[in-house]
Protein chains: 2
Amino acid sequence: MIKPKYTERQIKLARYAKALSHPVRIQLMEILSKQSCCYSGDIADDLPIARSTLSQHLSELKDAGLIQGEFNPPKIKYCIKRDAWEEARQMMKEFFEGDK
Amino acid sequence: MIKPKYTERQIKLARYAKALSHPVRIQLMEILSKQSCCYSGDIADDLPIARSTLSQHLSELKDAGLIQGEFNPPKIKYCIKRDAWEEARQMMKEFFEGDK
DNA sequence: TTTTTATTTCGCAAAAATACGAAATGAATA
DNA sequence: TATTCATTTCGTATTTTTGCGAAATAAAAA
């Protein structure tokens with residue numbers, strides 16, 4: 001029984017998928033991909049979760065590399081990271097199309 | 001503070017993403033999308049996990065609607081569900097391209 | 001300097017995910 | 001009928017995720 005580990009690509013793709021595996025994070029990325037940047041507080045008003053919970057979801061997306069926060073006192077402006085977003089899109093596309 | 005729930009689309013997309021949020025499930029879908037069907041045991045030999053764990057991951061994909069199992073005694077043949085796979089592809093594409 | 005504002009971190013709890021080996025299942029074969 | 005084979009389910013343990021409110025932080029405004 002051979003036990004190879006996963007490829008870097010598989011791990012990376014699973015990582016991106018995990019970042020998108022919660023409805024609120026889908027919604028966050030939809031908001032950000034439309035308008036590029038957003039203030040955390042403005043988003044919070046439209047979401048059915050506590051602000052501290054929102055903060056955690058934003059961290060999740062940040063850890064996955066999909067967004068970045070820019071401190072713009074007293075607010076924090078969150079922006080999509082276009083390079084990672086494009087990479088995720090491309091990897092997902094190839095994954096679904098099977099053209100490796 | 002308005003608290004709307006998520007759209008059906010957001011929930012569905014997150015559900016598909018969750019199904020793909022583990023490297024072994026990425027690998028499983030890659031195998032299945034290439035050859036359409038596969039016997040569970042054949043897959044197990046190439047994976048770094050116990051057979052019972054593989055079974056759980058297959059269930060996860062089945063629950064998400066991405067695959068189905070066909071009992072072909074004494075083996076079980078797993079096949080990709082092309083309609084759901086296509087739906088996931090399309091939803092993911094629209095999500096990344098922002099064209100709603 | 002105190003207060004206000006925006007956000008995160010902390011502390012906690014509940015639920016879900018991941019993993020394994022042992023036992024159960026269900027059908028074919030000896 | 002007993003055995004074998006492929007796979008799942010069970011029981012269990014560990015880790016991760018999700019969520020909240022309270023407290024901490026950090027900078028601007030009063």
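Chain A is the first sequence line, chain B the second, and so forth, proteins listed ahead of strands; every chain is numbered from 1. The structure presented is a predicted model; accordingly, all values stated were derived computationally and were not measured.
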**Study point:** Nearest-0.5 Å distance that lies between atom SG in A:Cys37 and atom CD1 in A:Ile67
**Key:**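 These two atoms lie 10.5 Å from each other.
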What integer distance in Å separates [X]:[atom1] from [N]:[atom2]?
| X | N | atom1 | atom2 | value |
| --- | --- | --- | --- | --- |
| A:Ile26 | D:dT18 | CD1 | P | 12 Å |
| A:Gln68 | C:dT8 | CD | C1' | 18 Å |
| B:Tyr6 | D:dT18 | OH | P | 10 Å |
| B:Asp45 | D:dA6 | CG | C1' | 12 Å |
| B:Arg25 | C:dA17 | CZ | C1' | 8 Å |
| A:Glu60 | D:dG19 | CD | C1' | 13 Å |
| B:Ile49 | C:dC20 | CD1 | P | 7 Å |
| B:Lys18 | C:dA16 | NZ | P | 9 Å |

Exercise for review: Can you sort out the partners of A:Gln90 under side-chain hydrogen bond (donor to acceptor under 3.5 Å, both in side chains), two or more places apart, ordered by chain and number?
Suggested key: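 Result, side-chain hydrogen bond (donor to acceptor under 3.5 Å, both in side chains) vs A:Gln90: A:Glu94.
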Practice item. With sequence neighbours excluded, tell me which residues meet side-chain hydrogen bond (donor to acceptor under 3.5 Å, both in side chains) with A:Thr7. Key: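 By the side-chain hydrogen bond (donor to acceptor under 3.5 Å, both in side chains) rule, A:Thr7 matches A:Gln10.
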Review point. For A:Arg82 and A:Leu32, which heavy atoms make the closest approach, and how far apart are they?
Key: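 Taking every non-hydrogen atom into account, NH2-O, 4.0 Å.
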Practice item. Determine yes or no for a side-chain-to-main-chain donor-acceptor pair under 3.5 angstrom, with A:Arg25 supplying the side chain and A:Ala19 the backbone. Key: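 Yes, because the side chain of A:Arg25 sits within donor-acceptor range (under 3.5 Å) of the backbone of A:Ala19.
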Exercise for review: Taking only the side-chain nitrogens and oxygens of A:His22, find out if one of them lies under 4.0 Å from OP1 or OP2 of D:dG19.
Suggested key: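 For D:dG19, OP1 or OP2 has a side-chain N or O of A:His22 closer than 4.0 Å.
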Review point. Do B:Tyr78 and B:Glu70 get their side chains close enough for a donor-acceptor pair, meaning under 3.5 Å?
Key: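 No - no donor-acceptor pair under 3.5 Å links their side chains.
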Can you name the atoms? Protein N/O to nucleotides 7-10 of chain D N/O, anything below 3.5 Å, with the distance.
unit_1: D:dT7; atom_1: OP1; unit_2: B:Ser40; atom_2: N; d: 3.3
unit_1: D:dT7; atom_1: OP1; unit_2: B:Gly41; atom_2: N; d: 3.1
unit_1: D:dT7; atom_1: OP2; unit_2: B:Gly41; atom_2: N; d: 2.7
unit_1: D:dT8; atom_1: OP1; unit_2: B:Tyr78; atom_2: OH; d: 2.2
unit_1: D:dT8; atom_1: OP2; unit_2: B:Ser55; atom_2: OG; d: 2.7
unit_1: D:dT8; atom_1: O5'; unit_2: B:Ser55; atom_2: OG; d: 3.0

